[in-house]
Amino acid sequence: MGTVFGSGISKFLSRWTRKADALVCSVSMLLGGPFLFFALLLARYELYAAWVMVFFAEVFLFLNWAPVSAMLLYSIVPFRRSTAEAIQIMVSHLLGDAISPTIIGALSDSLYHYLNAPTENEGRGLSMQFSLFVTSIICVIGGAAFLVSTLTVEKDREAVENFVRTSGMERSTSINASDGEFDEHRSLLVNSFKN
């Protein structure tokens, strides 16, 4: 749901600004972070309210999926897009679902020793809750990073569009271009960075 809305909102806003993708990503992260925080905060006291907060947090956090992919693809020259997409997916999984449980668990274990909880279960629960608050902070940092990207996203997009236009890549696509054409495009790209 959030992914579809994010794509639609970004497309709608792009009528007025070419920074729409970065703005949608920034706002979605900055709004998702507080909802996530309050979901974690309310989980001990009011479970149903916490689930409502989780719903809104997830919708906001998923708003950026389509715009992130779009920004990646239009800010990279065509013959590097598949590599860039693969790196983006790998890094997001390495820093996300691969390593984050270990980090959150280690932080929770560390916090447990400093909490003076009446029972072990309550201490473990509190330490896990406190360690998960880090995710809200990461959301705010991510939103700020996307906000900073609004400063360069237009220029980056125009540079790629200009390169594609001047290199003749409009005439060929990655599907029907020969190896010789790719070599020609690579040398044009390398030369454009040397100048």
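Counting from 1, the numbers follow the sequence of the chain as shown.
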query = Should Phe146 and Val68 count as side-chain neighbours, where that means a heavy-atom distance under 4.5 Å?
reply = yes
query = Looking at side-chain heavy atoms only, is the closest gap between Ile76 and Val160 below 4.5 Å?
reply = no
ask   = Can you list the steps and then say if Glu122 with Thr119 is a side chain to side chain contact (heavy atoms under 4.5 Å, CB included)?
value = CA-CA 5 Å; Glu122 189 171 348; Thr119 66; 3.3 Å; yes
Backbone N/O of Leu23 and side chain of Ser26: donor-acceptor pair under 3.5 Å = no
key: Minimum-distance pair of heavy atoms, taken over all atoms of Asp156 and Ser75   = CB-CB, 4.2 Å
ask   = Between His93 and Gln88, is a side chain to side chain contact (heavy atoms under 4.5 Å, CB included) present by the stated rule, with each step listed?
value = CA-CA 9 Å; His93 284 293; Gln88 187 264 339; over 6 Å; no
note = Looking only at heavy atoms, the pair that brings Leu126 and Arg44 closest together is CD2-NH1, 3.1 Å
task = May I ask you to test the Ile99-Leu94 pair for a side-chain heavy-atom distance under 4.5 Å?
result = no
remark   = In this structure, CG of Leu73 is separated from CZ of Arg157 (nearest 0.5 Å) by 10.5 Å
key: Close side-chain approach of Thr3 and Leu63, heavy atoms under 4.5 Å   = no
query = In Å and rounded to the nearest 0.5 Å, what is the CD1 to CD1 distance from Ile103 to Ile138?
reply = 8.5 Å
key: Electrostatic pair Asp109:Arg124 at N-O distance under 4.0 angstrom   = yes
ask   = Which is it for Tyr48 and Trp51 under the ring-ring contact (aromatic ring centres under 6.0 Å, His included) test, yes or no, and what are the steps along the way?
value = CA-CA 5 Å; Tyr48 294 116; Trp51 279 114; 9.4 Å; no
key: Atom OH of Tyr112: over 12 foreign heavy atoms under 6.0 Å   = yes
query = Just how far is it from atom CG of Asn162 to atom NZ of Lys155, taken to the nearest 0.5 Å?
reply = 13.5 Å
ask   = So Tyr74 and Asp21, side chain to side chain donor-acceptor pair (under 3.5 Å) or not? Walk me through it.
value = CA-CA 11 Å; Tyr74 64 61; Asp21 292 328; 2.8 Å; yes
Atom pair CZ (Arg80) and OG1 (Thr83), whose distance is rounded to the nearest 0.5 Å = 6.5 Å
inquiry  = Using every non-hydrogen atom in the two residues, find where Gly123 and Leu115 come nearest and quote the distance to one decimal.
reply    = O-CD1, 3.7 Å
ask   = Is Leu111 linked to Met128 within one hydrophobic cluster, defined over Ile, Leu, Val, Met, Phe, Trp and Tyr using a side-chain heavy-atom separation of less than 4.5 Å?
value = yes
query = Charged N to carboxylate O under 4.0 angstrom, Arg81 versus Glu85?
reply = no
key: Pair Glu158 + Arg165, salt bridge at N-O below 4.0 Å   = no
query = Do Leu72 and Ile87 share a hydrophobic cluster (ILVMFWY, side-chain heavy atoms under 4.5 Å, transitive)?
reply = no
request  = First locate atom CD of Glu154, then atom CD of Glu161, and finally report the distance between them rounded to the nearest 0.5 Å.
outcome  = 10.5 Å
note = Residues Cys139 and Leu36: closest non-hydrogen pair is SG-CD2, 4.3 Å
task = Return the minimal non-hydrogen interatomic distance between Ser14 and Ala20, and the atom names on each side.
result = N-CB, 3.6 Å
request  = Take atom CZ of Phe56 as the centre, draw a 6.0 Å sphere, and report whether it contains more than 12 heavy atoms from other residues, nucleotides or ligands.
outcome  = no
key: Cluster link Val24 to Val27, ILVMFWY, side chain under 4.5 Å   = yes
request  = Give a yes or no on whether the backbone of Val4 and the side-chain of Ser7 come within a donor-acceptor separation of less than 3.5 Å.
outcome  = no
key: Connected via hydrophobic side-chain network under 4.5 Å: Leu42 and Val52   = yes
ask   = What are the two closest non-hydrogen atoms of Pro101 and Gly96, and how far apart are they?
value = CD-O, 3.9 Å
task = Look only at the side chain of Ser28 and the backbone of Cys25, and say whether a donor-acceptor pair between them is shorter than 3.5 Å.
result = yes
inquiry  = I'd like to know whether Met53 forms a side chain to side chain contact (heavy atoms under 4.5 Å, CB included) with Leu41, so could you lay out the CA-CA distance, the side-chain angles of the two residues, the decisive distance to 0.1 Å, and finally the verdict.
reply    = CA-CA 10 Å; Met53 293 293 160; Leu41 190 66; over 6 Å; no
message = Check whether Ser110 reaches the backbone of Ala106 with its side chain - one donor and one acceptor, N or O, closer than 3.5 Å.
response = yes
message = I'd like to know if Phe35 and Phe5 are part of one continuous hydrophobic network [Ile/Leu/Val/Met/Phe/Trp/Tyr, side-chain heavy atoms within less than 4.5 Å].
response = yes
query = Say you draw a straight line from OG of Ser10 to CG of Asn64; how long is it, rounded to the nearest 0.5 Å?
reply = 10.5 Å
task = Can you label the angle between the Phe12 ring and the Trp16 ring as parallel, tilted or perpendicular, going by 30° and 60°?
result = perpendicular
message = Ring-plane angle category for Phe133 and Phe37, please: parallel below 30°, perpendicular beyond 60°, tilted otherwise.
response = tilted
message = Does any part of the side chain of Val153, heavy atoms only, come nearer than 4.5 Å to the side chain of Arg18, both counted from C-beta?
response = no
